[in-house]
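Contents: one structure, followed by commentary.
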Amino acid sequence: MRALFEKYKDFIMEVIHFGMVGVINTFLGWVIMAVLYNLMHMNYWLSSGISYFIGSVFSYHANARLTFKVEDRDKWLPWRFALNIIVCYLVSFSAAQPLVGWLLDAFGLSAGGTLSQALLDNIAMIFGMGIFIVMNFFGQKLFVFRTGRHKTKEM
């Protein structure tokens with residue numbers, strides 16, 4: 001078991017650090033999203049979009065420094081990060097609404113009429129966040145902060 005941990009230690013530590021940044025970011029994002037949607041009555045896309053923009057700025061700096069330990073930030077790094085966030089956001093939040101509708105129908109909770117649109121959108125935003133987290137980790141690891149594109153700090 002120890003040999004397995006040693007083999008995947010860097011990856012495990014990246015997941016742990018990404019998770020720590022993610023917990024803070026998710027809490028911050030959900031609060032912003034909930035306030036904008038439920039209290040300020042912005043629509044699904046605007047409230048989630050503003051929330052993800054703010055969270056992305058935090059995530060970029062925290063993950064570059066803490067998770068992926070980027071020292072040499074090339075000029076394309078912010079653009080790759082922005083592209084990753086945009087793709088993850090559009091895919092995850094576009095998939096979340098139909099997925100929630102399908103799941104509710106599959107469990108006999110029929111989205112048609114029994115639940116309010118506000119409740120459906122809030123559930124979809126939570127699902128969208130989950131899809132986004134998984135896509136974003138692999139996008140950052142494999143595309144944005146990919147080993148070989150930057151110099152890493154030696155520990």
So, do [X] and [Y] sit near enough that their side-chain heavy atoms are less than 4.5 Å apart?
X: Gln97; Y: Tyr44; result: yes
X: Gln140; Y: Phe18; result: yes
X: His17; Y: Lys69; result: yes
X: Ile131; Y: Leu99; result: yes
X: Ile126; Y: Trp30; result: yes
X: Phe143; Y: Leu83; result: yes
X: Gln117; Y: Leu120; result: yes
X: Ser47; Y: Met125; result: yes

Do Trp45 and Tyr89 make the cut of ring centroids closer than 6.0 angstrom?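 Under 6.0 Å, so yes.
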Is the distance from the ring center of Phe132 to that of Tyr52 below 6.0 Å?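 Here the rings of Tyr52 and Phe132 have centres that are less than 6.0 Å from each other.
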Answer with yes or no whether the hydrophobic clustering places [X] together with [Y]; edges join I, L, V, M, F, W, Y residues whose side-chain heavy atoms lie under 4.5 Å apart.
X: Phe68; Y: Leu142; value: yes
X: Ile86; Y: Ile50; value: no
X: Val15; Y: Val144; value: yes
X: Val134; Y: Leu103; value: yes
X: Trp79; Y: Phe53; value: no

Side chain to side chain contact (heavy atoms under 4.5 Å, CB included) between Val91 and Met135, worked out: CA-CA 9 Å; Val91 170; Met135 288 182 64; 3.7 Å; yes
Taking [Y]'s backbone N and O only, do any of them form a donor-acceptor pair with [X]'s side chain (distance below 3.5 Å, no angle check)?
X: Ser59; Y: Gly55; result: no
X: Ser94; Y: Leu90; result: yes
X: Asn84; Y: Arg80; result: no

Looking at every non-hydrogen atom in both residues, tell me the closest pair between [X] and [Y] and how far apart they are.
X: Thr67; Y: Asn63; result: OG1-OD1, 2.6 Å
X: Phe93; Y: Met129; result: CZ-N, 3.9 Å
X: Val100; Y: Ala124; result: CG2-CA, 3.6 Å
X: Ser51; Y: Gly29; result: OG-O, 2.8 Å

For Tyr8, I'd like to know if atom OH has over 12 heavy atoms of other residues, nucleotides or ligands within 6.0 Å.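 Open.
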Would you give the length of the straight line joining atom CG of Asn136 to atom CD1 of Ile85, rounded to the nearest 0.5 angstrom?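 It is 4.0 Å, given to the nearest 0.5 Å.
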Between atom CD1 of Ile12 and atom CD of Glu14, what is the distance when rounded to the nearest 0.5 Å?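 So the CD1 of Ile12 and the CD of Glu14 are separated by 10.5 Å.
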Taking atom types as modelled and ignoring hydrogens, do the side chains of Asp121 and Tyr37 form a donor-acceptor contact shorter than 3.5 angstrom?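 Looking only at side-chain atoms, Tyr37 and Asp121 do form a donor-acceptor pair, the distance falling under 3.5 Å.
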